[in-house]
Asks: 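Below is a structure I'd like to ask you about.
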Amino acid sequence: MSSDTDRDSIYLDTLSMQSGSTNYNNRKSIALSQQTIYHSTEDLPSTVAASATLKGYNNDFFLDSQKFHSDIGLNDFEELDSGDVPLRGTRPRSEILQEEVWRTFTDGERNVDFVLSYPAIPLSPGKENANEAADEKRQLFCANLEKEGLELEYEKTQSIHFVKIHAPKHVLCKYAELLKWEMPIKRSLWKKEDVDYNEYRLLTNMKSFFGRPFRFVKLDPVKFPHRPKEMYHEFSRDKDYLFDIDDKDFFTQDVRIAVVSFILERCAFTDEPESSNACVGIQKLLDDKIYKGAYPLHDGDPNDVKSKRGLLLAEWASISKWIRHQPLTEIKEYFGAHIALYFAWLGFYTHMLIPASIFGIIVVLFGLSTMFSNNFSKEICSENRIMCPQCDRKCDYWNFNETCVYSRLSNLFDNQLTFVWAVFMSIWATLYLELWQRYSASLIHSWGLTNYTKKTEPPRPQYLARLKNFKDQFMKNRIQQNVEGGAVLEPAVPFWRFKFPRYLVSYSIIFLFICLAVSAVFGVILYRMSLNTAQNIYGNQDSMTYKITVLPVTAACINLFVITVLNYVYDYLAVILTNMEMKRTQAEFDESLSLKIYLFQFINYYSSIFYIAFIKGKFPGYPAKYNRIFGLRQEECNAGNCMFELCIQLVIIMVGKQIMNSVMEMTLPILTKTLTNIWNHIGVRRTWSDTDVNIRTHNQWTEDYKLLPWQFMSMFSEYLEMVIQYGFITLFVVAFPLAPFFALLNNVFEMRLDAKKFLLYYRRAVPKRVRDIGSWYGIMQVICRLSVMSNAFIIAFSSNFIPELVYSIYVKKELIEPSYLNFTLARFDVNDFEEKAAPLNSSFENVTICHYTEFRNPPEVDPKYKKNQVYWHVLAARLAFIVVFQNVVGLVQLLVDTLIPDVPRRIRERIKREDYLLSHVILDEEKRRYKKDAYTGAGKKIMNVLTNIQNGKGIRKRSQQHQSQERIHEHVERVV
């Protein structure tokens, strides 16, 4: 292979060299695939990039990258009368405005795409060797970056030194092709009417008519003008006729940043790559403290509305704009598709919460209107029943009418609309997921990411660094003999011998932490039981307020604290375990990490709620034989069910978590930024007391240096918070119909606060390409299916819906007297208490019978205290309800899933039309290129091949388009 070819592929970790020429220059094409030729930074020798001049471009432009190299030290400037210290080689400050160099090189023309920073503070005595080694690594790293064609400029006039990086056009073209970036096609090659799918005029008019009342929520067309739709195609330097490369804005800022970041992640910082196994990548340098920061720049001052940053801050991140739509295209160009898609999903999810919130409020209002007319509540409040003691010996009998207020409050959530509410939310969850699929498909297509797949994603640098340690073990039969030079295929990591043991260790540790989370919940349960007993012994034994409200609230707060502590520990551990599994691509790494984190969070957040909903009060026993745990009686539900306590638990954990997260998300960045600035100021004064050098704020890189560094886990926490919330409003929404409303309120502010946080307090994130929200969608699908079963069990076993239904049937058939209390309460003879269970002292006189909540025989019926016929009828009704509810609602969900396609018809039609148009444009250009050779026999055969392919295929899908192009090149090479 030639050295030029090596330089083209040095940072493309996986390459596939096709065996044919793709253009008239007989240039090899490069395509990413899963079965690829293996290259990494360590494997290839470093060569000078001066000869990497591409045909078809201005050679002076490419040579310009080697002309400028400024190395400015602290002694390389002169003092002016005004006290300003200009950089070497710059004009006087009066000739260059501040705005011109705010985020550019000193020439005022080349923009800064990325910045590296490192401290210039001298190390303490005894660390001179470490300082020299760090300087050597930085020099080698920067030298290798320049060999890749990047242009660097150094600024050493402050206590923090900066390396400014600019990607010239030839580097962007090369890596846009290697990364298979979809770029917009020239507008002159196609017309809007050629690709647009015309909807029915009636449907268009209906959308326009019903959208008029909601014009106030749309974006300001002056500040965010309408953009025409674009056609995208995979960038290729061979097909430069498709793209307007000469346009200075052709490569948007997100593309430029992504390209530079790709190079930084794979660039070596040693002149002998084979001598080291981990001397690659900016992340390694950051971990070793060689560099202090590596970040792209924000676009301008946040107070300047003329900049993109200021415009987004004023029109998107402002709380006052909460009702307006989000400028998703501008967000995508600023932060990248992965962050823009998160905000698109959050906005869509928030809008979908509006109908659920309205219905939930209706359920609560209905319960409020029937609070005093509910027969069960009226019986509790009007009649009196002496209830059996709630603890052994120290507890006294108590009156059932003490729970009057509790029973009326329970009616807010447990009423006749509960069943309808559960059905509605089950269908809503499915409808939400299906409509999001359609919306995201339209959005992804408008961003040119429809063809982006995991196979086009290169391996992670961390994966390649670790793979080098085992490369000799995995290199058997991985030499591609038919490629020039015997190219080496990417090593195949064996699953059973290498990956499976790591998976086993990883998920064993996860299982251990899940058991730890369950044991924490069990500890809270023991706390409740022991505190209840202690209160009865030493406190106010008859305080029902304490038992119903204070005890559940304190237990829920303790549970929330334990959840928060375990979250921080597990998040740190999950990253280590995922790294141990050696995931090849970043997408695979993210999906595995998402699954681990959510699996633990699911148990951590929901286990206590599952306990109250499905276990508490279901197996307490009866006064003659209580079921005990460590000698303590199990907890019992008050007034027959645990719905009210379940509601309290949901409110504290869900709403409390949302409030805590919102406060932490806004206060921690502000506090951290303030403390960082104070520390930098103190450190600079202490270290540089003899000079006038400090961290001056005169450009964008020094401003951004003061911001918090962007962490790769930042988006995980945002997604996780919302998916946990989605679980609350679907799995347990029957117990708390206001959950969607509180989620709506939280998300309205969450959306804007997150935007403000990303724009003001964090450094700019490196853009990433995605075509969906990853494994989070699959997690929500599983939650949607589980919610049907969860709500069915809550209605059947935790509410009064089924007992009231059976009671009405019994009364209608005149099998019992019309008294719901007599139907649900069992009678117990106080002489039959088990040993040491009867109260020692009682304020009640002549008590012979007490009551407890069970369906059991009275003492005068043999066998006494055994489950009676009513119990089995109620149990059968509960099980039948679960089966019918799950199957009926599941069938409706299946119908919704089947009838609503994932991709809208207009998008499918547009993709077909785009493929058809692009195939003809490409084939016409190929014919034109070979037309000059048509007089030869080979040229005629080539023209015949192109004509046959063009006439025989018609409209093809985009995946077939690449196959057809490969066929063209194969025929051409065979003929030539």
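If you read the sequence from its start, that first residue is 1, and numbering goes on from there.
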Asks: Is the closest side-chain heavy-atom distance between M715 and I339 below 4.5 Å?
Replies: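 They are in contact (side-chain heavy atoms under 4.5 Å apart), so the answer is yes.
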
Asks: Is E703 close to H298 at the side-chain level, that is, under 4.5 Å between some pair of heavy atoms?
Replies: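 Side-chain contact under 4.5 Å: no.
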
Asks: Can you name the nearest heavy-atom pair linking S594 to D590, along with the distance?
Replies: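 Shortest heavy-atom contact: OG-O, 2.7 Å.
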
Asks: Any side-chain donor paired with an acceptor under 3.5 Å for T106 and E153?
Replies: yes

Asks: At their closest point, which heavy atom of L242 faces which heavy atom of H233, and how far apart are they?
Replies: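 In this case the closest contact between L242 and H233 is CD1-ND1, 4.0 Å.
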
Asks: Is it true that Q700 and D301 share a donor-acceptor pair across their side chains at a distance under 3.5 Å?
Replies: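 On atom types as modelled, these side chains do not qualify, holding no pair under 3.5 Å.
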
Asks: With rounding to the nearest 0.5 Å, note down the distance linking NE2 in H351 to CG in L744.
Replies: 9.5 Å

Asks: Name all residues meeting the salt bridge (Lys or Arg N to Asp or Glu O under 4.0 Å) criterion together with K186; count only those two or more places apart in sequence or in a different chain, and write none if there are none.
Replies: none

Asks: Can any side-chain N or O of S919 pair as donor or acceptor with the backbone N or O of D915 at less than 3.5 Å?
Replies: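 Yes, S919 side chain to D915 backbone: donor-acceptor pair under 3.5 Å.
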
Asks: Between W436 and M352, does the side-chain contact (heavy atoms from CB on, under 4.5 Å) criterion hold? Intermediate values first, please.
Replies: CA-CA 10 Å; W436 162 248; M352 287 293 294; over 6 Å; no

Asks: Could you measure the distance from the CG atom of L312 to the OG atom of S318? Nearest 0.5 Å is fine.
Replies: 12.5 Å

Asks: Answer yes or no: is there an ion pair linking D107 with R110, defined by an N-O contact shorter than 4.0 Å?
Replies: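 Counted as a salt bridge, because a side-chain N and a carboxylate O are separated by less than 4.0 Å.
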
Asks: Taking the six-membered ring for Trp and the full ring for Phe, Tyr or His, determine whether the centres of Y432 and Y349 are under 6.0 Å apart.
Replies: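 Yes: the rings meet the under 6.0 Å criterion.
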
Asks: Is there a donor-acceptor contact under 3.5 Å linking the side chains of E333 and Q253?
Replies: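 No, Q253 and E333 have no side-chain donor paired with an acceptor closer than 3.5 Å.
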
Asks: Do E330 and R227 come within less than 4.5 Å of each other through their side chains, counting heavy atoms only?
Replies: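 Yes. Closest side-chain heavy atoms under 4.5 Å.
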
Asks: So do the side chains of L311 and D304 get within less than 4.5 Å of each other, counting heavy atoms only?
Replies: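 L311 does not reach D304 side chain to side chain.
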
Asks: Sequence neighbours excluded, which residues qualify as salt bridge (Lys or Arg N to Asp or Glu O under 4.0 Å) partners of D299?
Replies: none

Asks: In Å, rounded to the nearest 0.5 Å, how long is the span from OG of S307 to CG of L313?
Replies: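 Going from the OG atom of S307 to the CG atom of L313 covers 9.0 Å.
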
Asks: For V115 and V163, what are the C-alpha separation, side-chain angles and deciding distance, and is it a side-chain contact (heavy atoms from CB on, under 4.5 Å)?
Replies: CA-CA 6 Å; V115 169; V163 181; over 6 Å; no

Asks: List the steps, then state whether side-chain contact (heavy atoms from CB on, under 4.5 Å) holds for E151 with I165.
Replies: CA-CA 6 Å; E151 299 175 359; I165 303 175; over 6 Å; no

Asks: Do I263 and V171 come within less than 4.5 Å of each other through their side chains, counting heavy atoms only?
Replies: yes

Asks: Does R764 make a cation-pi contact with W710, if we ask for NZ or CZ under 6.0 Å from the ring centre and within 45° of the axis?
Replies: no

Asks: Cation-pi check for Y295 against R763: NZ or CZ below 6.0 Å from the six-membered ring centre and within 45 degrees of the axis, yes or no?
Replies: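 Yes, cation above the ring, under 6.0 Å and within 45°.
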
Asks: Would you please indicate if the ring centroids of Y342 and H338 are separated by under 6.0 Å?
Replies: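 Judged by ring-centre distance (under 6.0 Å), Y342 and H338 do not meet the cut-off.
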
Asks: Output, in order, the C-alpha distance, side-chain angles, deciding distance and verdict of side-chain hydrogen bond (donor to acceptor under 3.5 Å, both in side chains) for Q725 and N747.
Replies: CA-CA 10 Å; Q725 181 196 94; N747 293 357; 3.0 Å; yes

Asks: Are more than 12 heavy atoms from other residues, nucleotides or ligands located less than 6.0 Å from atom OH of Y726?
Replies: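 Enclosed.
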
Asks: Between K332 and D254, is there a side-chain N and carboxylate O pair less than 4.0 Å apart?
Replies: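 Yes, this pair counts.
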
Asks: Side chain of R769, backbone of A337: donor and acceptor closer than 3.5 Å?
Replies: no

Asks: Compare every heavy atom of R256 with every heavy atom of L172, then report the nearest pair and how far apart it is.
Replies: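 Of all heavy-atom pairs spanning L172 and R256, the closest is CD1-NH1, 3.2 Å.
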
Asks: Applying side-chain contact (heavy atoms from CB on, under 4.5 Å) to E234 and M183, what does each step give before you reach the verdict?
Replies: CA-CA 6 Å; E234 184 181 299; M183 302 300 294; over 6 Å; no

Asks: Find out whether W428 and I729 are in side-chain contact, i.e. whether some heavy atom of one side chain is under 4.5 Å from a heavy atom of the other.
Replies: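 In contact.
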
Asks: Which atoms form the tightest heavy-atom contact between F251 and A176, and what is the distance?
Replies: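 Between these two residues, the closest heavy atoms are CE2-CB, 3.9 Å.
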
Asks: Should the pair F162 and Y705 be assigned to parallel (<30°), tilted (30 to 60°) or perpendicular (>60°) ring geometry?
Replies: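 Rings of F162 and Y705: perpendicular, over 60°.
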
Asks: Name the orientation class of the two ring planes belonging to F243 and F235 (parallel below 30°, tilted from 30 to 60°, perpendicular beyond 60°).
Replies: tilted

Asks: Checking side-chain polar atoms at under 3.5 Å, does Q326 have a donor or acceptor matched by the opposite partner on W316?
Replies: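 Distance-only check passes for Q326 and W316.
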
Asks: For residues L899 and E434, determine if any side-chain heavy atom of one lies less than 4.5 Å from a side-chain heavy atom of the other.
Replies: no

Asks: Minimum heavy-atom separation for L341 to Y719, with atom names?
Replies: C-OH, 4.2 Å

Asks: To the closest 0.5 Å, what do you measure between CD1 (I724) and CD (E721)?
Replies: 10.0 Å

Asks: Can Y232 and H445 be counted as having a side-chain donor-acceptor contact under 3.5 angstrom?
Replies: no

Asks: Would a 4.5 Å heavy-atom cut-off, applied to side chains only, mark K756 and Y761 as touching?
Replies: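 Touching, per the 4.5 Å side-chain cut-off.
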
Asks: What I want to find out is whether E718 reaches K757 closely enough, with some N-O distance under 4.0 Å, to be called a salt bridge.
Replies: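 The answer is yes: the pair qualifies as a salt bridge.
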
Asks: Show, in sequence, the C-alpha distance, side-chain angles and deciding distance for E914 and R910, and conclude whether the salt bridge (Lys or Arg N to Asp or Glu O under 4.0 Å) test is met.
Replies: CA-CA 6 Å; E914 288 179 354; R910 183 181 175 91; 3.0 Å; yes

Asks: Which heavy atom of T450 sits nearest a heavy atom of I444, and at what distance?
Replies: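 Shortest heavy-atom separation between T450 and I444 comes out as N-CG2, 3.7 Å.
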
Asks: If we ignore angles and hydrogens, is there a donor and acceptor under 3.5 Å between the side chains of N699 and T702?
Replies: yes

Asks: Which value, rounded to the nearest 0.5 Å, describes the distance between R324 atom CZ and L219 atom CG?
Replies: 7.5 Å

Asks: Could you tell me the separation between the CG atom of L443 and the CZ atom of R771, rounded to the nearest 0.5 Å?
Replies: 13.0 Å

Asks: Taking the inter-plane angle between the rings of Y439 and F348 on a 0 to 90° scale, is it parallel (under 30°), tilted (30 to 60°) or perpendicular (over 60°)?
Replies: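 Parallel.
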
Asks: Whether the Y175 and E148 side chains hold a donor-acceptor pair (N or O, under 3.5 Å, no angle test) is what I'd like checked.
Replies: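 Indeed, the side chains of Y175 and E148 share at least one donor-acceptor pair under 3.5 Å.
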
Asks: Under 3.5 Å, is there a donor-acceptor pair between the side chain of H166 and the main chain of N111?
Replies: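 Yes, the answer is positive, given that a donor and an acceptor are paired below the 3.5 Å cut-off.
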
